[in-house]
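Reckoned from all heavy atoms, side chains included, excluding hydrogens, waters and symmetry mates. Not measured: the values here are computed from a predicted model.
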Amino acid sequence: MDKLPAVGLLTPLDLNTVEAVPESHVWPHLDESSQKFESNKTVSIPVVDFNDDNVLELIGKACEEWGMFQLINHGIPKTLTAETEEVARCLFALPQSQKMKALNVPGTANGYCMARLTKHHDKMMWHEGFTVIGSPVDDFKKLWPSDYQPFCDKMEEYQLKMKALADKLISLIFKFLGISDEEMVKKLSYIDPATGKPHLALRLNSFPPCPEPSKVIGLAAHTDTSLFTMLHQARREGLQILNEKDGWLPLAPRSDALIINIGDFLQIISNGRFHSVPHRVMIRETEKTTMSMAYFFHPPGHLYVAPYCKPLSETLQTPIYKGVNVKEYFIIKAKASGKGIAALTI
């Protein structure tokens with residue numbers, strides 16, 4: 001079957017109103033065991049306390065062994081997270097006709113959208129999303145014409161806090177990899193000199209109630225096209241990671257933690273020392289909408305990313321990936337149906 005047309009050409013289906021899963025959203029050959037939640041089979045990824053004196057080594061070890069960890073005492077106020085989550089809930093609870101006024105259009109990243117992974121598959125996902133880059137004022141004016149400002153203020157405050165945390169995390173990660181301050185400044189340039197726009201994005205994800213959750217996928221298997229991603233989960237169940245030995249394993253995240261997962265660009269820069277872990281979201285709830293908020297830390301599009309091969313050990317002396325321009329990598333990954341790293345392997 002042919003792939004679906006580009007995401008920007010598709011109109012999101014109002015999943016909150018369907019009584020049966022439409023054929024466009026039915027995923028054949030799903031592993032039945034993946035739909036069953038068994039607490040004794042969940043995996044708990046490393047927990048890193050940001051206040052720990054050994055935080056540098058703890059983060060580095062977690063990135064090497066798992067490509068993912070849970071961060072506690074991260075400094076993002078619980079009240080702010082809850083208030084931002086409430087903004088997202090209000091947004092997704094709007095009538096479909098209202099949300100469509102802020103629909104993402106081809107060539108842009110912000111606004112109401114379907115899962116961007118859709119372009120790699122011939123089935124759609126049980127998901128609706130909204131991407132915020134910088135101020136959401138233009139889009140929020142369309143959603144709440146008379147009272148958009150409080151929603152904007154909360155979303156911008158949350159992004160500022162997450163950006164500050166991202167700054168600290170990437171500094172520690174680069175330090176662990178032995179990358180110099182000069183190189184770090186280049187890789188921490190958030191603003192594209194050509195467009196003046198930031199390369200940090202907040203993705204709000206909503207997984208509406210599903211009448212037949214065993215037939216659908218919330219988000220299909222993928223790796224993140226970022227340096228790393230910081231994820232707040234409003235639910236405990238659904239997120240799974242791929243383990244080479246045991247297959248798909250459901251995570252058991254802590255309610256007070258942010259999940260930090262390594263993206264493709266850090267796998268390239270670390271020359272495979274860190275791994276961008278495949279993950280997916282399965283639908284389990286049938287009676288209520290569940291949500292997550294993902295903050296993506298991207299390098300600027302003009303940057304050339306290549307393995308950093310300072311000889312910290314013998315295994316790091318030879319690059320195992322080709323270098324690539326960031327903007328070009330997005331194209332390469334799209335053409336490779338989401339498998340960008342494999343396309344760069346030497």
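- Here the side chain of Thr81 pairs a donor or acceptor atom with the backbone of Pro77 at under 3.5 angstrom.
- Aromatic ring orientation, Phe140 versus Phe151: perpendicular (interplanar angle above 60°, classes split at 30° and 60°).
- Between the Gln233 side chain and the Gly238 main chain, no donor and acceptor come within less than 3.5 Å of each other.
- Listed here is the closest heavy atom pair of Leu80 and Lys154: CD1-CD, 3.6 Å.
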Item to complete: Step by step, work out the side-chain hydrogen bond (donor to acceptor under 3.5 Å, both in side chains) result for Asn271 and Tyr308.
Response: CA-CA 6 Å; Asn271 202 34; Tyr308 181 75; over 6 Å; no
Practice prompt. For side-chain hydrogen bond (donor to acceptor under 3.5 Å, both in side chains), just list the numbers for Asn325 and His302, CA-CA rounded to whole Å, side-chain angles, deciding distance to a tenth of an Å, and then say yes or no.
Written response: CA-CA 7 Å; Asn325 172 270; His302 66 278; over 6 Å; no
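- Checked by atom type and distance alone, the side chain of Thr345 pairs as donor or acceptor with a backbone atom of Ile341 at under 3.5 Å.
- Trp126 has its side chain out of reach of Ile217: every pair of non-hydrogen atoms, C-beta onward, lies at least 4.5 Å apart.
- Looking at Val277 and Asn261, their side chains never come closer than 4.5 Å, going by heavy atoms from C-beta outward.
- Looking at Pro208 and Glu128, their side chains come closer than 4.5 Å, going by heavy atoms from C-beta outward.
- Here the side chains of Val281 and Met125 are not in contact, with every heavy-atom distance at 4.5 Å or above.
- At least one donor-acceptor pair under 3.5 Å links the side chain of Gln70 to the backbone N or O of Arg254.
- A 4.5 Å side-chain heavy-atom check between Leu15 and His127 finds every atom pair outside the cut-off.
- Although no hydrogens or angles enter the test, the distance criterion places no donor-acceptor pair under 3.5 Å between the side chain of Glu65 and the main chain of Pro46.
- In the hydrophobic cluster analysis, where Ile, Leu, Val, Met, Phe, Trp and Tyr join through side-chain heavy atoms closer than 4.5 angstrom, Val326 is grouped together with Leu227.
- Ring centroids of Phe296 and Phe228 are separated by 6.0 Å or more, keeping the two rings apart.
- Heavy atoms only, all atoms of each residue included: Gly134 and Gln159 are closest at O-NE2, 2.8 Å.
- A donor-acceptor pair under 3.5 Å links the side-chain atoms of His298 to the main chain of Thr225, judged by distance alone.
- For Trp66 and His275, the distance between ring centers is not under 6.0 angstrom.
- Residues Pro209 and Thr289 form a side-chain contact, since some pair of their non-hydrogen atoms from C-beta on lies under 4.5 Å apart.
- Atom CG of Asp53 is surrounded by 12 or fewer heavy atoms from other residues, nucleotides or ligands within 6.0 Å.
- A pairwise comparison of heavy atoms in Ala62 and Phe69 identifies CB-CB, 3.7 Å as the closest pair.
- No path of Ile, Leu, Val, Met, Phe, Trp and Tyr side chains, each step under 4.5 Å between heavy atoms, connects Ile72 with Val55, placing them in separate hydrophobic clusters.
- The shortest side-chain heavy-atom distance between Ile346 and Ile320 does not fall under the 4.5 Å cut-off.
- Summarising the geometry, atom OG belonging to Ser206 is positioned 8.0 Å from atom OH belonging to Tyr112; distances are rounded to the nearest 0.5 Å.
- To the nearest 0.5 Å, atom CG of residue Asn73 and atom CG of residue Asp256 are 7.5 Å apart.
- A donor-acceptor contact under 3.5 angstrom links the side chains of Thr223 and Lys333, judged on distance only.
- Aromatic rings from His74 and Phe50 are positioned such that their centres are separated by 6.0 Å or more.
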Worksheet entry | Tyr295 and Tyr158: CA distance, side-chain angles, deciding distance, ring pair (Phe, Tyr, Trp, His ring centres under 6.0 Å) verdict | CA-CA 10 Å; Tyr295 189 82; Tyr158 184 74; 7.5 Å; no
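- Side-chain atoms of Asp224 never come within 3.5 Å of backbone atoms of Ser226 as a donor-acceptor pair (strictly under, hydrogens ignored).
- Contact record, Met68 with Ile259: CG-CG2, 3.9 Å, taken as the closest heavy-atom pair.
- A salt bridge between Glu23 and Lys123 is present, with a side-chain N of the basic residue lying under 4.0 Å from a carboxylate O of the acidic one.
- Remark: the Asn110 side chain and the Thr131 side chain contain no N/O donor-acceptor pair separated by less than 3.5 Å.
- The hydrophobic cluster containing Phe330 also contains Tyr321, counting ILVMFWY residues as joined when their side-chain heavy atoms lie under 4.5 angstrom apart, directly or transitively.
- Within the 3.5 Å criterion, the main-chain N or O of Leu143 finds a donor-acceptor partner in the side chain of Gln98.
- Counting non-hydrogen atoms of other residues, nucleotides and ligands closer than 6.0 Å to NZ of Lys161 gives a total of 12 or fewer.
- Side chain of Trp27 to backbone of Met124: a donor-acceptor contact under 3.5 angstrom is found.
- Looking only at distances, no side-chain donor or acceptor of Gln240 sits under 3.5 Å from a matching main-chain atom of Met282.
- The CG atom of Leu13 lies 6.0 Å from the OG atom of Ser24; values are rounded to the nearest 0.5 Å.
- Ion pairing between Glu64 and Lys61 fails under the 4.0 Å rule for side-chain N and carboxylate O.
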